[in-house]
J.: 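I'd like to ask you about the structure that follows.
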Amino acid sequence: MDTLIEVKNISYYYAQQCAVNNISFSLQRGEVLGFLGPNGAGKSTTMQMLTANLTPAIGEIHIAGIDLLEYPKRAKAMLGYLPDTPPLYKEMRVDEYLYYCARIQRIAATRITSAIDLAKQRCGLTDVGKKLINQLSKGYQQRVGIAQAIIHTPPVVILDEPTVGLDPIQIHDIRNMIRDLAKEHSVILSTHILPEVQAVCDRVQIIHQGELVLNESIDALEQHLQSTVLLLALANPPEIEYLKTLPGIIEINQQDDQHFLVHYQADNNPTQRLLHHAVQKDWGLYELTPQKLSLENIFMSLTLQEQDRHPSQESVA
Amino acid sequence: MITGFIAWREFKSLFLSPLGWSILGVVQLIIAYQFLEQLEQYMLIQAELAMQEQAIGVTQIIIAPLLGSTAIILLLIIPLLTMRLISEERRNQTLPLLFSAPLSMTEIILGKYLGILTFIFLMVGIIALMPFSLLLGTDIDLGQTAAALLGLTLLLASFAAAGLYMSTLTRQPAVAAINTFGLLLFLWIINWAGESNTSLLAYLSLLSHFEALLKGLFNSTDICFFLLFILLFITLSIRRLEHDRLPH
């Protein structure tokens with residue numbers, strides 16, 4: 001695997017405020033990287049720096065090994081970018097617009113027609129080529145935006161909140177499209193929708209107040225998500241104290257008369273024992289569920305911690 | 001090459017909306033009216049002129065004043081032509097498309113400028129048909145006419161460069177137009193204050209450099225003035241776009 005994006009210690013400031021603070025990360029070929037964070041966390045600013053729309057105050061960006069600041073033209077040829085507002089010329093037809101994009105991406109004249117056709121096909125735009133972009137629905141405009149970003153088949157595609165403002169079916173379609181893209185391109189995807197990350201990304205980065213607070217593969221994240229809690233529901237519960245004596249159980253929180261949260265030792269899962277006892281002693285077991293932390297939980301705990309650590313910055317924002 | 005493509009698309013986009021057509025039409029109409037007025041006056045005094053020994057010719061009486069007032073009309077029109085160049089891209093948030101494509105700022109700005117310049121060439125070309133139509137009936141001073149047309153072209157190209165820069169400063173096309181108009185008018189009348197023609201203010205005036213060419217005086221200082229003026233505003237525009245990306 002080779003590294004397509006290498007970001008070293010970049011920072012960016014708006015007036016006195018630090019929007020992005022000393023971020024470093026890298027992206028491998030074929031990876032889908034989810035960029036996650038609340039609104040105003042610095043996601044878009046980071047993406048704008050990656051795509052040469054902003055110049056970092058300090059730090060380096062290498063795209064496919066080419067320094068973006070030293071050789072912007074060569075580096076930018078490796079990129080496709082969909083900003084949070086799709087950069088569409090609404091008075092143009094889809095075909096005209098894609099032709100324009102193909103030209104400014106410096107696609108060779110002989111390959112332009114096939115490049116446009118391929119991009120349209122991949123984004124499901126084949127039937128709307130003659131339509132004015134104005135007349136397209138928001139979902140289709142978003143597709144045109146994505147078609148624009150992949151028309152020159154760049155190794156890296158950067159999508160800034162590609163599913164915002166779309167209906168659930170459109171969101172589903174766009175996610176499928178992103179998964180398809182990942183077969184040939186590396187994708188960076190920013191979003192504040194957590195299930196989206198879980199659905200399409202290989203790796204997730206959480207950015208909060210301009211700093212990276214988490215950088216994990218989705219698999220490693222799944223490990224994080226495994227917790228050591230069971231939800232137990234008994235129609236006919238015994239004394240809590242008795243439950244606590246079972247081996248492996250650390251702590252029991254009673255939710256109500258019949259529901260209990262059972263915390264257990266990671267290497268000593270008491271599920272079997274609980275089942276066994278419940279049947280033998282006729283506790284009337286009707287629910288036994290392993291509790292999973294959602295990405296929301298991790299996200300919330302990380303971003304809330306951060307806020308505690310930087311109360312002063314919060315007041316500036 | 002890519003600059004040429006951007007220029008071509010800019011030029012074409014003027015004709016996608018009615019803007020390009022209506023500007024060409026209105027300008028042509030007003031100038032044609034003036035041309036006919038001028039021609040009529042010339043007819044009235046023609047007999048007297050014929051009796052004078054060192055009579056001034058048709059070029060001085062018709063063509064120079066015509067192109068002179070053309071310049072003033074276009075001072076009002078060019079800001080409308082240049083106002084959208086960058087400001088509209090800013091407003092529609094389409095600049096990232098250009099910024100993230102493998103283009104340099106210079107290519108973007110030059111492309112935009114050359115697109116407008118092509119339109120200006122077309123406009124001057126159509127306007128020039130009127131003076132040259134006099135060739136059907138009389139002789140005109142081709143040298144003076146050429147100098148005047150060159151002057152007009154350079155003047156309009158300078159207007160456009162100033163307009164382009166103003167367009168990079170804002171996201172409201174109307175504001176860009178008003179600012180351009182203000183700047184051009186100021187540079188036009190700047191020498192009214194200084195009585196003496198040798199003062200610095202007079203030197204900065206676009207009008208004084210244009211008037212020399214209108215009289216047929218081909219002076220390389222005037223040409224250089226216009227070229228430097230254009231270069232200055234193009235450079236400022238490029239700098240301005242680059243400035244957009246810096247931390248601020």
Side-chain angles (χ1 to χ4, degrees), chain A residues 10-20 44-45 47-58 68-69 71-93 96-97 99-107 109 145 148-149 151-152 154 158 160, chain B residues 1-22 83-115 167-168 171 173 238-248:
Chain A
I10 54 170
S11 296
Y12 194 87
Y13 303 88
Y14 290 109
Q16 295 304 309
Q17 205 190 338
C18 181
V20 169
S44 290
T45 307
M47 299 201 139
Q48 283 171 324
M49 284 193 281
L50 289 179
T51 53
N53 281 278
L54 293 175
T55 308
I58 42 170
L68 180 64
L69 305 174
Y71 308 101
K73 276 207 239 173
R74 279 173 55 204
K76 285 192 285 186
M78 306 285 176
L79 285 174
Y81 175 45
L82 172 68
D84 46 3
T85 312
L88 305 175
Y89 297 105
K90 303 223 166 143
E91 74 286 355
M92 289 171 109
R93 291 172 201 287
E96 286 171 344
Y97 174 73
Y99 178 76
Y100 175 72
C101 297
R103 285 298 300 267
I104 61 173
Q105 294 292 349
R106 300 174 187 270
I107 298 178
Q148 161 275 124
I151 193 159
H152 51 304
I158 297 180
D160 198 349
Chain B
M1 207 198 76
I2 196 76
T3 309
F5 173 71
I6 296 176
W8 176 240
R9 128 110 186 125
E10 198 57 50
F11 177 71
K12 252 177 45 181
S13 78
L14 283 171
F15 293 100
L16 284 180
S17 69
L19 183 73
W21 297 107
S22 73
M83 65 181 182
R84 316 162 15 265
L85 281 174
I86 303 292
S87 63
E88 198 169 68
E89 302 243 11
R90 245 191 236 290
R91 196 173 55 171
N92 295 340
Q93 308 196 354
T94 48
L95 271 182
L97 185 67
L98 294 171
F99 282 1
S100 57
L103 302 171
S104 67
M105 295 297 167
T106 314
E107 284 167 328
I108 297 172
I109 289 290
L110 278 183
K112 295 265 174 194
Y113 182 67
L114 291 178
S167 184
T168 62
R171 51 194 305 145
I238 295 169
R239 291 293 302 267
R240 173 64 219 187
L241 274 201
E242 266 163 6
H243 178 80
D244 266 12
R245 307 194 293 177
L246 298 176
H248 41 74

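Labels below follow one simple rule: chain letters A, B, ... track the order of the sequence lines, proteins then strands, and each chain is numbered from 1. The model shown is predicted, which means the values in this text are computed figures rather than measured ones.
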J.: What residue, out of A/His152, A/Arg103, A/Gln148, A/Met78, has the most heavy-atom pairs lying under 4.5 Å from chain B?
T.: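 It is A/Arg103.
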J.: Can you tell me which of A/Leu88, A/Ile158, A/Ile104, A/Thr51 forms the most heavy-atom pairs within a distance under 4.5 Å of chain B?
T.: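 If we count pairs closer than 4.5 Å to chain B, A/Ile104 comes out on top.
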J.: Indicate the atoms forming the closest heavy-atom contact of B/Pro102 with A/Lys73, along with that distance.
T.: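 Smallest heavy-atom distance, with atoms named: CB-O, 3.4 Å.
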J.: Report the C-alpha distance between A/Tyr97 and B/Leu97 in whole Å, list the side-chain angles of each, state the deciding distance to 0.1 Å, and finish with yes or no for side chain to side chain contact (heavy atoms under 4.5 Å, CB included).
T.: CA-CA 11 Å; A/Tyr97 174 73; B/Leu97 185 67; 3.8 Å; yes
J.: Grab the two heavy atoms, one from B/Pro96 and one from A/Tyr81, that are nearest each other, plus how far apart they are.
T.: CB-CE2, 4.1 Å
J.: If you count the non-hydrogen atoms of other residues, nucleotides and ligands that lie under 6.0 Å from CZ in B/Phe15, is the total more than 12?
T.: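 Above 12, so yes.
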J.: Mind checking the OG1-CD spacing from A/Thr55 to B/Glu242? Nearest 0.5 Å is all I need.
T.: 8.5 Å
J.: Show your reasoning for whether side chain to side chain contact (heavy atoms under 4.5 Å, CB included) applies to B/Ser100 and A/Leu79.
T.: CA-CA 7 Å; B/Ser100 57; A/Leu79 285 174; 5.7 Å; no
J.: Which answer fits B/Glu107, side chain, backbone, both or neither, if we ask what part of it has an atom under 4.5 Å from a heavy atom of chain A?
T.: side chain
J.: Go through the atoms of A/Pro72 and report whether side chain, backbone, both or neither lie under 4.5 Å from a heavy atom of chain B.
T.: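 Contact with chain B is absent: no heavy atom of A/Pro72 under 4.5 Å.
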J.: How about B/Lys12: does its NZ atom have over 12 heavy atoms from other parts shown lying under 6.0 Å from it?
T.: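 12 or below, so no.
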J.: Below 4.5 Å from any heavy atom of chain A, which atoms of B/Glu89 appear? Answer side chain, backbone, both or neither.
T.: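 Side chain only.
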J.: Where does B/Ile2 contact chain A at under 4.5 Å (heavy atoms): side chain, backbone, both or neither?
T.: side chain
J.: Can you measure from CD1 (B/Ile6) to OH (A/Tyr100) and round to the nearest 0.5 angstrom?
T.: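 Result: 5.5 Å between the selected atoms.
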J.: Could you tell me whether the side chain of A/Arg106 reaches within less than 4.5 Å of the side chain of B/Leu103, counting heavy atoms only?
T.: yes
J.: Please examine the side chains of B/Arg9 and A/Met92, heavy atoms only from C-beta on, and report whether any two atoms are closer than 4.5 Å.
T.: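 Touching, per the 4.5 Å side-chain cut-off.
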J.: Of all the heavy-atom pairs spanning B/Gln93 and A/Thr85, show the shortest one and how long it is.
T.: OE1-OG1, 2.6 Å
